[in-house]
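Step one of this worksheet: look at the structure below.
The basis for the numbers below is simple: all heavy atoms, side chains too, and nothing from hydrogens, waters or symmetry mates. Below, read A as the first sequence line, B as the second, and so on, with proteins coming before strands; counting in each chain starts at 1. If you're wondering where the values come from, they're calculated on a predicted model, not measured in any experiment.
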Amino acid sequence: MESNTIRNASNFGISVTGNSFLVLLGNEITNNRSGIAATFGAGIRLGVRLFTDDPTPNVIANNAGSGMLGGIGVLIVDNSNASILGGNRILGNNIGVVVAQSGHAQVAGNEITGNQIGIFTNSNGSLLLPFAENPNPSSRRSTPG
Amino acid sequence: MRIYFVLLLSFALAAPPATFARSNDDGRTFKVTCDSRRGALARVIERARDGDTVRVRGTCTETLTIDKEITLDGGGAASLSPESSSDSTITVDARNVTIRGFLLESFRSR
């Protein structure tokens with residue numbers, strides 16, 4: 001998906017599930033209950049075109065709904081995989097990125113600011129931070145699964 | 001004269017909501033305007049084949065399932081919202097689907 005504005009969804013702005021794969025480039029995903037969910041073996045790539053150095057950032061902002069799975073910018077769970085989560089602006093969500101329940105994410109070069117928690121891992125969530133460009137290191141939180 | 005007018009009007013009303021624009025090696029391009037035409041976009045997607053592009057204008061209130069390898073292009077101005085609050089706006093059930101240039105919003109009660 002490219003250059004879309006996705007807002008005001010009563011649940012997730014974008015849901016990718018069941019071994020599907022989705023590329024998200026240059027979208028604004030704002031003011032949903034939660035922003036993006038990858039579940040049940042889904043794959044996602046956010047913000048970077050393959051074979052080019054230029055990021056095409058998504059803005060994932062102000063997804064701050066309440067209740068179970070509310071207020072999450074990017075949720076990666078159930079053996080789902082974010083092969084690249086790079087170059088995006090993830091702002092003002094309750095939690096910027098959640099990687100849990102055997103989810104995996106490679107996160108680099110994002111602006112992750114103004115979230116109550118920047119990146120949260122739990123329950124065998126696997127997180128690779130290959131570069132140091134993700135700001136807000138103090139807001140990362142990891143708890144045993 | 002009145003009969004001609006009635007005939008002309010019936011042809012206009014019966015015309016399909018989409019126009020077939022062009023075809024090339026990369027597939028065909030359809031154009032569709034959604035305003036006040038319920039289900040117009042879904043009907044065009046039904047006609048499309050793998051590799052086709054559907055260019056959309058206007059405000060669409062439809063619940064879409066895309067099960068073909070197509071490009072859906074809203075041109076940065078088209079908007080799409082589902083028909084009920086329990087629906088996803090778009091469900092994609094195919095590889096190599098591109099969706100660009102849309103405002104995707106939740107159900108709007110009327």
When you group the ILVMFWY residues by side-chain heavy-atom contacts below 4.5 Å and let the links chain together, are [Y] and [X] in the same group?
{"X": "A:I90", "Y": "A:V48", "answer": "no"}
{"X": "A:I119", "Y": "A:L91", "answer": "no"}
{"X": "A:L128", "Y": "A:V98", "answer": "no"}
{"X": "A:V74", "Y": "A:I84", "answer": "no"}
{"X": "A:I117", "Y": "A:I72", "answer": "yes"}

Does atom CG of B:D35 have more than 12 heavy-atom neighbours from other groups under 6.0 Å away?
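Counting neighbours around CG of B:D35, more than 12 heavy atoms of other residues, nucleotides or ligands fall under 6.0 Å, so yes.
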
With a 4.5 Å heavy-atom cut-off (strictly below), which parts of residues 97-104 of chain B touch chain A? List them by number.
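Within residues 97-104 of chain B, near chain A: B:T98, B:I99, B:R100, B:G101, B:F102, B:L103, B:L104.
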
Interatomic distance, B:E105 atom CD to A:I6 atom CD1 [nearest 0.5 angstrom]
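That separation rounds to 11.0 Å.
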
Inter-chain contacts: residues 8-36 of chain A against chain B, heavy atoms under 4.5 Å
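Expected list: A:N8, A:A9, A:S10.
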
